[in-house]
Amino acid sequence: MALLQIAEPGQSAAPHQHKLAVGIDLGTTNSLVATVKSGEAVTLPDEQGGHILPSVVRYLSCGRKEVGAKAREAASEDPFNTIVSVKRLMGRGVEDVRSLGSEAPYHFIAGENGMPFIETVVGNKSPVQVSADILSVLLNRAEDSLGGELTGAVITVPAYFDEAQRQATKDAATLANIKVLRLLNEPTAAAVAYGLDQGGEGVIAVYDLGGGTFDISILRLNKGVFEVLATGGDSALGGDDFDLALAHWLADQAGIGADIDTALARYLTEKARDVKEALTDSDAVVADLNFARHSSSVAVTREQFDALVEKLVSRTLRACKRTLKDSGVDAGEVQDVVMVGGSTRVPLVRAKVSEFFGREPHIDIDPDRVVAIGASIQADVLAGNKPDSDMLLLDVIPLSLGLETMGGLAEKVIHRNTSIPVGRAQEFTTYQDGQTAMAIHVVQGEREMVEDCRSLARFVLRGIPPMAAGAAKIRVTFQVDADGLLNVSAKELSTGTESSIQVKPSYGLSDGQIATMLQESYSTAQEDLDKRRLREQQVEADRLLVALEQAIEADGDALLNDEERAMLQSEMAQLLKLRNGADADAIEKGIVVLSNESDFFASRRMDHGIQKALQGHTIDEIEEKK
Ligand code: ADP
Ligand code: MG
């Protein structure tokens, strides 16, 4: 009798069935969803045929919510219940978001762990919830147009997003009931969309000018691995600034005075945005301004617009220059330039960028769809729809991860720009005799001192068997998964005692802070090294002083005469004085002096110890034990 084959629950009986997987570009200004259909990556439209979903959510008192264009239109009349640019708030603490000022003009309330909530008519909303509301709309759109249930999604994030920001993005997906196949760096997704991962090796620049942010990423493609050589940009520079510059100019031309209130300002910038977008395809546009009792028409030429935004475009190029310098490659070595973001449609931007890199940038794929397209190609592979694809896509961690060691020093375990997923282990030891617990403090950043890095998590490894200082071996393992999320575990090797933590900070760093931290680490590298050496010598001095103190306490009466004891104590006072100063060399010398001066005491203690051990035992007994 033939056996019937039955598939595992949840596993398809037909292994070649196409799984529905999408790529989602969850943007600051606009979001999109894309999928691979019959071998071609396409973005999915809503019922009205629009592909771009403005990343705006409006909460209405009736409990309904609007997401997208309709919400964006209401932003000026209902600013506090209409959340724009929520991506800027993801993974940040309440202090961080309050400091954004007019960029985030909401009423914030601090929740647990300093997590910010936005006060709205329907209650307090966390940035994660607002993002989840945007993702839900995209999920529904995908399931409606694909006619089936989604297997999962690849969601893109900026390359510089830290642990907290990535985690917040993942949390939003979970809340929206979307299985995250992978978080993917936006520039990597853009490069994939152009198939650059298939083209061999080389340096790629991804220039991404969106609505409110500018990002430049320098990638190196090496054996199918995308390495991020450097990222840079400006988190407060984008198409919105073009709108603002044009809005001021329009107000001037129309003779609108100084008393522009919030609503009028929003009206003018929305008008300016329409004019700006129209100027991409036309040489001149007439702006009709109608509000309250005012009515006028202002003609704008592309040349006039170019003059207004020229300075802003130059700012992006200066950031490109800095970032190239950080990455250590010349503009001439860049093989491909990829344009991303709606604002790269502006003809002046294209012209300036191609002039800067000395080559024509890739613009064939719609710049506001290219990230979603690349993400969908990756999603298709991850969902198992392309079993013979060997596309191996790796991203990197944006900031180094490490541990606090004695003296407040940061020991890097995984360096910045290491490809993920990655696991690294490092062995540490105890500082004191008989130490049975070890405080593990996980930090992120490039600087030498813990106080200059960001604290990610703390946990304690207990149950270390008491041993002499330096004898215990504790292996600390850092594991970063493909989404850039960190897991840290510590294990005492002789007993196997283990302790671990999933690093899940409640909020994160602002990208501005990341930029500043990186900047500082470059400009203060020497100063940091000096500081590090000083700390190391201080730790050494402390170790010697504590050991001697304990030795005198234990055996001073038996083994030292008054004169010797006084000599040692005065030498110790001498070293303590040096230790509290700032001269690392002097401390190092002082340590040598005190060690030499106390050598006699150490050897007496050793003899004494052996004698004590031998007391009451016969030589034979000792021989037997060997
Ligand atoms: P984000 O990545 O921040 O979500 P996008 O990449 O969608 O943003 O870019 C949005 C910006 O692109 C807006 O400032 C918008 O005005 C601008 N933009 C869109 N289309 C055009 C166009 N045709 N010409 C000029 N700017 C445009
Ligand atoms: Mg974008």
Side-chain angles (χ1 to χ4, degrees), residues 23-34 43 50-57 67-69 72 75 83-90 103 131 134-135 138 155-161 169 184-191 193 206-217 231 233-247 266 268-283 285 300 302 305-306 308-309 312-313 316 338-353 363 365-375 511:
I24 294 177
D25 172 7
L26 186 59
T28 311
T29 318
N30 295 313
S31 298
L32 286 113
V33 57
T43 52
H51 291 248
I52 289 174
L53 179 74
S55 307
V56 185
V57 182
V67 180
R72 189 171 74 180
I83 318 303
V84 300
S85 301
V86 70
K87 189 170 177 177
R88 291 182 187 280
L89 313 178
M90 294 289 273
E103 275 180 55
S131 293
I134 297 168
L135 287 171
L138 296 173
I155 301 180
T156 57
V157 290
Y160 57 77
F161 251 28
T169 306
L184 184 65
N185 285 341
E186 288 162 11
T188 308
V206 181
Y207 178 104
D208 180 351
L209 190 60
T213 53
F214 169 60
D215 299 315
I216 171 77
S217 312
T231 65
D234 192 329
S235 59
L237 175 61
D240 296 347
D241 299 285
F242 292 10
D243 303 347
L244 221 57
L246 184 54
R266 285 229 188 180
L268 285 171
T269 47
E270 271 158 37
K271 202 72 191 172
R273 187 179 59 222
D274 294 343
V275 170
K276 168 192 77 175
E277 293 181 7
L279 279 173
T280 289
D281 297 313
S282 327
D283 294 333
V285 170
V300 196
R302 171 147 350 126
F305 172 72
D306 286 354
L308 289 171
V309 300
L312 297 168
V313 179
T316 69
V338 176
M339 293 294 239
V340 181
S343 300
T344 60
R345 285 223 182 75
V346 172
L348 181 74
V349 172
R350 289 189 174 172
K352 289 285 180 189
V353 170
I363 51 168
I365 305 178
D366 193 338
D368 28 41
R369 298 190 202 187
V370 62
V371 167
I373 297 268
D511 39 349

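When reading the values below, keep in mind they use all heavy atoms of this one structure, side chains included, and skip hydrogens, waters and symmetry mates. For the single chain, residues carry numbers from 1 onward in sequence order. In listed order, ligands and their atoms are each counted from 1.
Remark: minimum distance from atom 9 (O) of ligand 1 to any protein heavy atom is reached at Gly342 N, 3.2 Å. Of the protein's non-hydrogen atoms, the one nearest atom 19 (C) of ligand 1 is Glu277 OE2, 3.5 Å. Looking only at protein heavy atoms, the nearest one to atom 7 (O) of ligand 1 is Asn30 ND2, 2.8 Å. Nearest non-hydrogen protein atom to atom 20 (N) of ligand 1 is Arg345 NH1, 3.1 Å. Closest protein heavy atom to atom 2 (O) of ligand 1: Gly210 CA, 4.0 Å. In this structure, atom 3 (O) of ligand 1 lies nearest to the protein heavy atom Thr29 OG1, 2.7 Å.
Considering Ser131, Ser85, Ser31 in turn, Ser31 is the only one that fulfils the side chain to side chain donor-acceptor pair (under 3.5 Å) rule with Ser55. Each of Leu135, Leu138, Val57 was checked for a side-chain contact (heavy atoms from CB on, under 4.5 Å) with Val67, and the lone residue meeting it is Val57.
A donor-acceptor pair under 3.5 Å links the side-chain atoms of Arg302 to the main chain of Leu279, judged by distance alone. Ser343 contributes a side-chain N or O that, together with a main-chain N or O of Gly210, makes up a donor-acceptor pair within less than 3.5 Å.
The closest side-chain heavy-atom distance from Ile83 to Val56 is not below 4.5 Å.
Among the atoms of Lys276, some N or O lies under 3.5 angstrom from an N or O of ligand 1. Any N or O atom pair closer than 3.5 Å counts here, and Thr280 shares at least one such pair with ligand 1. Considering backbone and side-chain N/O of Asp368, none are found under 3.5 Å from N/O of ligand 1. Residue Thr213 has no N or O atom closer than 3.5 Å to an N or O atom of ligand 1.
Considering every non-hydrogen atom in both Leu32 and Asp368, the closest pair reads CD1-O, 2.9 Å.
Salt bridge status for Asp366 with Arg345: present, with a side-chain N to carboxylate O gap under 4.0 Å. One finds a salt bridge joining Glu186 and Lys87 here, because a Lys/Arg side-chain nitrogen approaches an Asp/Glu carboxylate oxygen to under 4.0 Å. A salt bridge between Asp25 and Arg369 is absent, with no side-chain N of the basic residue lying under 4.0 Å from a carboxylate O of the acidic one.
Taking each of Gly27, Ser55, Ser343 in turn, the one with a heavy atom nearest to atom 11 (C) of ligand 1 proves to be Ser343. Of the listed options Gly239, Pro367, Gly211, Gly211 places a heavy atom closest to atom 8 (O) of ligand 1.
Proximity to Val346 (heavy-atom distance under 4.0 Å) selects the following atoms of ligand 1: 25 (C). Atoms of ligand 1 found under 4.0 Å from any heavy atom of Arg273 (numbered from 1 in listed order, with element): 16 (O). Which parts of ligand 1 touch Thr28 is read off a 4.0 Å heavy-atom cut-off, strictly below it: atoms 3 (O), 4 (O). Less than 4.0 angstrom separates some heavy atom of Gly341 from each of these atoms of ligand 1: 6 (O).
Side chain to side chain, Thr316 and Tyr207 meet the donor-acceptor criterion of an N or O pair below 3.5 Å.
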